[in-house]
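Heads up, the thing below is written out as structure tokens.
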Protein chains: 2
Amino acid sequence: MSQKIVKKIETAGKTRPGRPRGEDTDRVILEAALRLVSTRGFRNVTVDQIAAEAGVGKMTLYRRWPNKAALVMDALLVLVGPRTQFPEAERALDSLESQLFLQARFFSSDYGRLIRSLIAEAQSDMELAVAFRERWIEPRREGVIQTLRKAVAQGELRTKIDFQLATDMLYGPLYYRLLLGTGTIDRAFVRRLLAQFLEGHRPA
Amino acid sequence: MSQKIVKKIETAGKTRPGRPRGEDTDRVILEAALRLVSTRGFRNVTVDQIAAEAGVGKMTLYRRWPNKAALVMDALLVLVGPRTQFPEAERALDSLESQLFLQARFFSSDYGRLIRSLIAEAQSDMELAVAFRERWIEPRREGVIQTLRKAVAQGELRTKIDFQLATDMLYGPLYYRLLLGTGTIDRAFVRRLLAQFLEGHRPA
DNA sequence: GGTTATCGATACCGTCAGTATCGTATTAAG
DNA sequence: CTTAATACGATACTGACGGTATCGATAACC
């Protein structure tokens, strides 16, 4: 699966025999999967429903992805991933705050259900767990860490920060609320979370 | 389910007609469920396997719990819950640290898989989500908050603390790592997490 | 003894992920 | 134009599993 997630690099114009695959069929299927799963949740959507929504036979779907989880993961990476950019600002802390606000809105939208579904499914699907961690979580953590480094360089945070821990402390509570439903994920929450975080990371 | 989770209060010696239920059958089934699910995970264990492991017919099981999720949740509450006490210490911060260490060990043991399984299942099972939140998460959060209050009273933490947020900041990162697998959950992690938390909550 | 509810066992049902197959369509090669 | 190879939508099928129904036997109370 791991090499299949995120459309294989087109095998270099290699002209294969037989009828070629539909041009935008991949995207149509991904969009159908994204739409259904983000509104109803992974377990409440069947593969047949995704195929029907895309106006496609089930085999067309399984010819392109090895299983349901890989398809939905791909939908997230291809359709949603590129739209989750890190807002740039001169002050790194402003970038960080914007990023946290965006994350809060993201989790509060239908995409929150999508993320929850994938994390849930990943608990019993090792391949999905690896893909989600390496292709979704880690790149975004890296972005956060870069921002934190920049904030340190700008003298807004103390030096000698454990960046992994800091990232856990900023995002852990968001995922915690997303998955446990113990509280709302709104701007006020993020604001207080960040303020408290900064309180513990003042520069000397 | 919610009124069924955690053995109904025995209907007051009420002598019902017909053959009475087995004495310790409940416990035997719960222990089988706990053993299997905590080692293999919820999705990798079938109801038939639990029944076989308990040496019991499947119907005996469904006569006592409405479904698989309720059974496993009950196993957690009945067999594990009572063994997760809050360590007492004169210094509240020592209690807090001990509690976090215990939680880290708990998550690192087979019970970590059990908790992950239930949270995953709860993403598509509203009743389970409510039960898990109200009967497992919330009581333990309340214990943490009491400890934090005590620490404030002892002058170890500043006043005017957002206790809900503080609990999220302490436990969010632990659940985050448990569910995402982004890092180990060991004593070093907990120690640095708590140290960083305290850094942001010094008394005036 | 009659009533009632439990027991283990087993057959059964419905759902769903994933596979196989069929007739058709579309491309490149010859 | 024919042939080979692949994709297509549709549909039937398989296997696994959660949950239900049923059966003959058992154990309590009246």
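The interatomic distance linking A/Arg63 (CZ) with C/dA25 (C1') rounds to 12 Å, in whole Å. Note: CG (A/Leu61) to P (C/dT19) measures 12 Å, nearest angstrom. The CG-P distance, from B/Asp24 to C/dT6, rounds to 16 Å in whole Å. In this structure, A/Tyr62 atom OH and C/dG18 atom P are separated by 4 Å, rounded to whole Å. In this structure, CG of A/Asp48 is placed 12 Å from P of C/dT15, rounded to the nearest angstrom. The distance between atom CG of A/Asn44 and atom P of C/dA17, rounded to the nearest whole Å, is 11 Å. In this entry the distance linking CZ of A/Arg40 with P of C/dC16 reads 11 Å, nearest Å.
Protein chain A contacts DNA chain D over a range whose 5' and 3' limits, counting nucleotides with an atom under 4.0 angstrom from a non-hydrogen atom, are D/dA5 to D/dA10.
When only modelled atom types and interatomic distance are considered, A/Gln49 and A/Glu53 share no side-chain donor-acceptor pair under 3.5 Å. A/His201 and B/Glu199 share no side-chain donor-acceptor pair at under 3.5 Å.
Judged by a 6.0 Å distance limit and a 45° cone about the ring axis, B/Arg177 is positioned over the six-membered ring of B/Phe189.
Using a 30° and 60° split on the angle between ring planes, A/Phe132 and A/Trp136 fall in the parallel class, below 30°.
Place A/Val47 and A/Met59 on DNA chain C by their nearest nucleotides, and A/Val47 ends up nearer the 5' end.
No side-chain heavy atom of A/Gln103 sits less than 4.5 Å from a side-chain heavy atom of A/Thr84. Within the 4.5 Å cutoff, no side-chain heavy atoms of B/Thr39 are placed close to those of B/Val45.
Listed by chain and number, the residues in a side chain to side chain donor-acceptor pair (under 3.5 Å) with A/Glu31 amount to none (sequence neighbours excluded).
Around the CD atom of B/Glu23, the shell of radius 6.0 Å holds no more than 12 heavy atoms that belong to other residues, nucleotides or ligands.
Listed for the B/Ser95 side chain is a donor-acceptor partner under 3.5 Å among the backbone atoms of B/Ala89.
With axes fitted over five pairs at each extremity, the angle between the ends of the helix from C/dG1-D/dC30 to C/dG30-D/dC1 is 0° (10° resolution).
Taking only distance into account, the side chain of A/Lys68 never meets the base of C/dG18 through a donor-acceptor pair shorter than 3.5 Å.
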